[in-house]
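First up is the structure itself, then whatever we jot down about it.
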Amino acid sequence: MSSAKHASPLATKSALPPFLLLIDTVKRYSPKTGRRTGSTKRNSSRIRTLENLKTLLAGAREQGFPVFHAPMSYTESDYTTWKHISGVHHEMFDNRLFAEGSWGADFHPDLAPADGEIVIAPHKNIGVPANTDLEVQMRQHDVEYIAVTGMVGTMCVESTARNCMEHGFHVTTFTDATAAFGGRLHATP
């Protein structure tokens with residue numbers, strides 16, 4: 001990862017440890033086992049998203065940083081009863097993506113929560129704090145600094161990072177551990 005060349009972005013001057021938040025590290029989005037296509041798959045492979053996420057997670061665990069996992073999943077009731085479905089939800093609902101208990105909603109085995117790590121309630125919108133217990137968990141665990149990463153930066157990671165910052169948390173993101181639709185987060189070499 002490119003951030004390894006510099007002082008750790010997770011290192012803070014606070015007495016409180018930084019937290020790592022992994023968003024949507026599920027099989028559906030995995031560049032090797034998932035069903036990604038097109039520019040997102042190419043971008044993820046080019047910047048080695050999965051490998052960099054594994055390195056980042058291993059480093060956080062080695063340093064004893066607390067880790068949160070934020071999956072996405074929908075129930076059959078969600079698919080059939082929502083009245084106001086956005087464009088991105090149409091894609092997910094029409095194709096039953098991230099169905100609760102399905103292969104695609106399961107954590108990637110290399111990024112699965114370890115004992116003692118916190119799994120946030122599955123999010124149903126793009127920004128994780130909007131409809132989960134993330135902020136409650138962060139406040140209960142004295143989170144001040146949070147490093148946010150995940151499989152798709154231009155959606156859930158970006159929205160969550162922005163929302164956490166707007167709620168008073170110090171946020172760090174990683175360009176080489178987050179892929180993007182069309183590679184928009186990353187300069188093309």
Side-chain angles (χ1 to χ4, degrees), residues 1-12 14 16-36 40-41 43-73 98 103-123 126-129 132-135 137-138 140-165 169-180 183 185-186:
M1 283 179 23
S2 63
S3 56
K5 296 176 186 175
H6 308 288
S8 171
L10 293 177
T12 68
S14 171
L16 299 172
F19 277 66
L20 176 62
L21 174 61
L22 296 166
I23 301 173
D24 298 337
T25 52
V26 294
K27 292 177 183 174
R28 171 81 190 149
Y29 276 144
S30 169
K32 292 184 179 179
T33 61
R35 296 185 180 104
R36 288 176 136 177
T40 306
K41 186 173 186 175
N43 179 251
S44 183
S45 295
R46 181 178 62 81
I47 65 168
R48 302 183 54 216
T49 301
L50 181 60
E51 293 82 2
N52 290 337
L53 281 169
K54 290 175 3 183
T55 300
L56 182 62
L57 179 58
R61 287 173 173 163
E62 183 179 301
Q63 294 295 316
F65 296 151
V67 178
F68 289 168
H69 298 265
M72 177 186 286
S73 71
F98 307 103
W103 173 88
D106 288 343
F107 285 104
H108 186 285
D110 294 334
L111 302 170
D115 288 342
E117 294 177 351
I118 298 160
V119 178
I120 302 303
H123 65 103
I126 304 307
V128 174
T132 70
D133 60 334
L134 176 62
E135 188 165 354
Q137 292 285 3
M138 290 169 63
Q140 290 297 325
H141 291 89
D142 291 325
V143 172
E144 187 176 330
Y145 291 85
I146 189 154
V148 182
T149 191
M151 293 292 200
V152 181
T154 50
M155 295 183 67
C156 301
V157 172
E158 184 178 284
S159 294
T160 299
R162 186 176 295 115
N163 191 269
C164 288
M165 183 270 310
F169 299 97
H170 300 276
V171 178
T172 297
T173 59
F174 302 88
T175 59
D176 56 354
T178 303
L185 289 178
H186 314 286

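Taking 4.5 Å as the limit, some side-chain heavy atom of T149 sits within range of a side-chain heavy atom of L22. Counting heavy atoms from C-beta outward, L21 and L134 have side chains that approach closer than 4.5 Å. Side chains of F174 and L56 form a contact here, defined as non-hydrogen atoms less than 4.5 Å apart. In this structure, P129 and M138 have side chains that are not in contact, with every pair of non-hydrogen atoms separated by 4.5 Å or more. Residues V119 and P71 are in side-chain contact: their nearest non-hydrogen atoms beyond the backbone lie under 4.5 Å apart.
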Item to complete: Apply the test side-chain contact (heavy atoms from CB on, under 4.5 Å) to residues H123 and T160: give CA-CA distance (whole Å), side-chain angles for both, the deciding distance (0.1 Å), then the verdict.
Response: CA-CA 11 Å; H123 65 103; T160 299; over 6 Å; no

Item to complete: Check the pair Q137 / I120 against side-chain contact (heavy atoms from CB on, under 4.5 Å), numbers first and verdict last.
Response: CA-CA 8 Å; Q137 292 285 3; I120 302 303; 3.9 Å; yes

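To the nearest 0.5 angstrom, Q140 atom CD is 10.5 Å from D133 atom CG. To the nearest 0.5 angstrom, K27 atom NZ is 11.5 Å from F107 atom CZ. For the atom pair OG1 of T25 and CG of D106, the computed distance is 11.5 Å after rounding to the nearest 0.5 Å. Rounding to the nearest 0.5 Å gives a distance of 8.0 Å between CD1 of I146 and CZ of F19. If you take NE2 on H69 and CG on L57, they are separated by 6.0 Å, rounding to the nearest 0.5 Å. To the nearest 0.5 Å, atoms CD1 (I126) and CG (N163) are separated by 12.5 Å.
Between the D24 side chain and the G150 main chain, no donor and acceptor come within less than 3.5 Å of each other.
Of all the heavy atoms in T132 and A121, the pair that sits closest is CG2-O, 3.2 Å. Nearest approach of P122 to S73, heavy atoms of both residues: CB-OG, 3.3 Å.
Here Q63 pairs with nothing under the side chain to side chain donor-acceptor pair (under 3.5 Å) rule; sequence neighbours left out. In this structure D110 satisfies the salt bridge (Lys or Arg N to Asp or Glu O under 4.0 Å) test together with K54, sequence neighbours excluded.
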